[in-house]
Structures are given as structure tokens and as C-alpha cells.
Chemist: 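One structure is given below, represented as C-alpha cells, and several questions about it will come after.
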Amino acid sequence: MKKNFIGKCKAAWTMLFAAVLVGMAVTSCGEQKLADKIEGKWKGDIDLLGLNEDGVKYKNGETILEFAKSGADADGGKFTMTVSMDITGEEDGMEISASIDVVAPGKWRVESNDIEVTYNSADMKFNIKKLDLKPSGDADSETMMAFALAKEAGMLDEDALKEAVLQSIKEEVGDDGEVTTDKLGLVSVSGDVLEFNDEDLGKVKLTKVQ
């Protein structure tokens with residue numbers, strides 16, 4: 001009787017272990033299938049208006065996401081995000097506007113129905129395509145005079161301004177080397193359309209680049 005009981009216990013544990021393995025295999029297979037659908041290059045317009053704060057305004061921009069798998073059976077690999085945006089801001093009587101590309105390389109992996117993307121701020125690249133600085137509508141006479149003198153002296157050359165802004169961005173964002181992991185939630189792929197929820201941007205919809 002004892003032997004029979006032990007035998008039944010062993011059988012139960014074997015079945016339970018097998019069930020766990022099957023469950024893991026099904027989960028892994030599902031993640032690989034989703035990764036297969038996600039792999040590629042996706043492009044679309046995104047709503048940046050929710051990022052507006054402290055007098056800085058963001059206009060709708062374009063986003064390109066590239067997902068490359070590290071192997072045939074992988075559920076992730078290398079990741080690159082490129083965001084193009086127009087930014088305007090006002091401070092101390094001066095108004096600045098810029099068109100900027102931000103490129104963030106990193107890694108990605110499928111976790112259930114989410115995509116986890118990890119990147120290092122030190123690897124981010126910034127390209128300022130256009131930069132303009134001018135007195136705001138409510139600038140006082142001293143600001144107007146200082147602006148005129150600086151312009152006359154050649155201190156407001158666009159290339160010099162771009163370099164100064166890029167250096168400020170690097171000091172603020174890139175030098176800390178912070179590693180960040182973001183989650184793109186509730187991912188779905190239907191044909192050539194990729195949709196997900198982002199904590200900052202809300203619902204994002206991208207189209208596959210052929």
C-alpha cells in the first residue's frame with residue numbers, strides 16, 4: 001500500500017512538472033511569435049502635446065522604431081528609436097525654437113504582451129536640424145538691446161548656438177549614463193499596424209515600413 005502511494009505521488013509530481021514545462025513552452029512560443037511580428041521597422045506620427053510643461057511646447061512629431069531579433073528563436077534583440085520633434089520655449093524674454101532628431105539605441109524583448117526596451121542615456125544621439133533664437137513679444141528694452149548687440153557681434157551664429165545647445169543637452173541627459181527600461185504595454189500587431197500604450201505618450205499607432 002505504501003509503495004503504491006509513493007508511486008502515485010511520483011506520478012503526480014511528474015505530471016505537474018510536465019505541465020509546468022508545457023506552460024513555459026507555450027508562453028515562450030507565444031512570445032517568439034509576437035517577436036516575429038514585431039521584428040522590422042515601424043513609422044508613424046505621435047502626439048507629443050502631453051509632454052508640454054514649464055513653458056516648453058512640443059509639436060506633433062514622427063517616430064521610427066526598429067526591432068531586430070538576435071536569432072531565429074529569439075524574443076528580442078537590438079532596438080533603435082528615432083524621434084523627430086519641434087520644440088519651442090520662452091525664458092528671460094527670449095524665445096527659442098528648434099527641430100531636433102533624437103536617436104536612442106538599446107535592446108528589446110517581449111514579456112507576455114508587452115515590449116521591454118532598455119537603453120543607456122550615454123548612447124543617445126541628438127541632431128539639431130534647425131535652431132532660432134529671438135526676443136519674445138513681451139521682451140523688455142534691455143533684452144532687445146542685448147540681443148541686437150550680440151547679433152551684430154556674431155555671437156548668435158546658428159552653428160555656434162547649435163553646439164552650445166547640444167553641449168547643454170549632453171550635460172543634462174547623456175553624461176550620467178543612466179540605464180532606463182521602458183514598457184510598451186498591450187502590444188498588438190495587425191497586418192502592417194503596430195499598436196501599444198506608452199506611459200508618457202498614451203496610445204501609439206505605427207505602420208510597418210516596407
Chemist: If we ignore angles and hydrogens, is there a donor and acceptor under 3.5 Å between the side chains of D192 and T207?
Modeler: no
Chemist: Pair N127, I100 - check side-chain contact (heavy atoms from CB on, under 4.5 Å), show working.
Modeler: CA-CA 6 Å; N127 175 38; I100 299 178; over 6 Å; no
Chemist: Go through T63 and W42 one step at a time and tell me if the side-chain contact (heavy atoms from CB on, under 4.5 Å) criterion holds.
Modeler: CA-CA 8 Å; T63 288; W42 306 81; over 6 Å; no
Chemist: Can you find a pair of side-chain heavy atoms, one from I96 and one from L131, that are under 4.5 Å apart?
Modeler: yes
Chemist: Is any side-chain heavy atom of V189 closer than 4.5 Å to a side-chain heavy atom of F196?
Modeler: no
Chemist: Give the ring-plane orientation class for W108 versus F67, where under 30° counts as parallel, over 60° as perpendicular and anything between as tilted.
Modeler: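 The rings of W108 and F67 stand perpendicular, inter-plane angle above 60°.
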Chemist: Out of curiosity, does M124 fall in the hydrophobic cluster containing L184 (side-chain heavy atoms, cut-off under 4.5 Å, transitive links)?
Modeler: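 L184 clusters together with M124.
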Chemist: Nearest 0.5 Å please: distance from the OG1 atom of T82 over to the NZ atom of K41.
Modeler: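 Interatomic distance, T82 OG1 to K41 NZ, rounded to 0.5 Å: 8.0 Å.
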Chemist: Would K130 and D86 count as a salt bridge (Lys or Arg N to Asp or Glu O under 4.0 Å) if you check the C-alpha gap in whole Å, the side-chain angles of each, and the deciding distance to 0.1 Å?
Modeler: CA-CA 9 Å; K130 182 181 178 182; D86 293 331; over 6 Å; no
Chemist: Would you indicate whether K43, at its atom NZ, is surrounded by more than 12 heavy atoms from other residues, nucleotides or ligands within a distance under 6.0 Å?
Modeler: no
Chemist: Can you tell me how far apart CG (L65) and CG (L194) are? Round to the nearest 0.5 Å.
Modeler: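 With rounding to 0.5 Å, CG (L65) is 7.0 Å from CG (L194).
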Chemist: Would you say that M81 contacts V117 through its side chain, given a criterion of any heavy-atom pair below 4.5 Å between the two side chains?
Modeler: no
Chemist: Taking side chain as C-beta onward, heavy atoms only, is S99 less than 4.5 Å from M85?
Modeler: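 No. Closest side-chain heavy atoms not under 4.5 Å.
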Chemist: Heavy atoms, side chains only, cut-off 4.5 Å: are M145 and L149 in contact?
Modeler: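 Yes - at least one pair of side-chain heavy atoms lies under 4.5 Å apart.
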Chemist: Determine whether T118 and V179 make a side-chain contact, defined as any pair of heavy atoms from C-beta on separated by less than 4.5 Å.
Modeler: yes
Chemist: State, yes or no, whether a side-chain contact exists between I38 and V110 at a heavy-atom distance under 4.5 Å.
Modeler: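 SC-SC contact between I38 and V110 confirmed.
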Chemist: Report yes or no: do L206 and V103 belong to one cluster of Ile/Leu/Val/Met/Phe/Trp/Tyr joined by side chain heavy-atom distances under 4.5 Å?
Modeler: no
Chemist: Please round to the nearest 0.5 Å and tell me the distance separating atom CG of N113 and atom CG of L34.
Modeler: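 Rounded to the nearest 0.5 Å, the CG-CG separation comes to 6.5 Å.
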Chemist: Return the minimal non-hydrogen interatomic distance between A35 and A74, and the atom names on each side.
Modeler: CB-O, 3.8 Å
Chemist: Quick check against the 3.5 Å criterion: does K208 have a side-chain atom that pairs as donor or acceptor with the backbone of E39?
Modeler: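 Answer holds: yes.
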Chemist: Look up atom OG in S70 and atom CG in D75, then write down how far apart they are to the nearest 0.5 Å.
Modeler: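 S70 atom OG to D75 atom CG measures 8.0 Å (nearest 0.5 Å).
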Chemist: Can you name the one residue among D182, T181, T180 that meets side-chain hydrogen bond (donor to acceptor under 3.5 Å, both in side chains) with Y119?
Modeler: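 With Y119 as partner, D182, T181, T180 yield a single side-chain hydrogen bond (donor to acceptor under 3.5 Å, both in side chains), made by D182.
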Chemist: Between E195 and K205, does at least one N-O distance fall below 4.0 Å, as a salt bridge requires?
Modeler: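 No, no charged N to carboxylate O under 4.0 Å.
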Chemist: Nearest 0.5 Å, please: how far is CG in D198 from CD1 in I115?
Modeler: 11.0 Å
Chemist: Would V204 end up clustered with I64 when hydrophobic side chains under 4.5 Å apart are linked, directly or stepwise?
Modeler: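 No; I64 is not reachable from V204 via cluster members.
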Chemist: Measuring only between side-chain heavy atoms, which start at C-beta, is E62 closer than 4.5 Å to V83?
Modeler: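 With C-beta onward as the side chain, the pair stays apart.
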Chemist: Specify the closest pair of heavy atoms between S84 and D101, including all atoms of both residues, with the distance to one decimal.
Modeler: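 S84 and D101 have their closest heavy atoms at OG-OD1, 2.6 Å.
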Chemist: Is there a donor-acceptor pair under 3.5 Å between the side chain of D114 and the backbone N or O of L186?
Modeler: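 Present.
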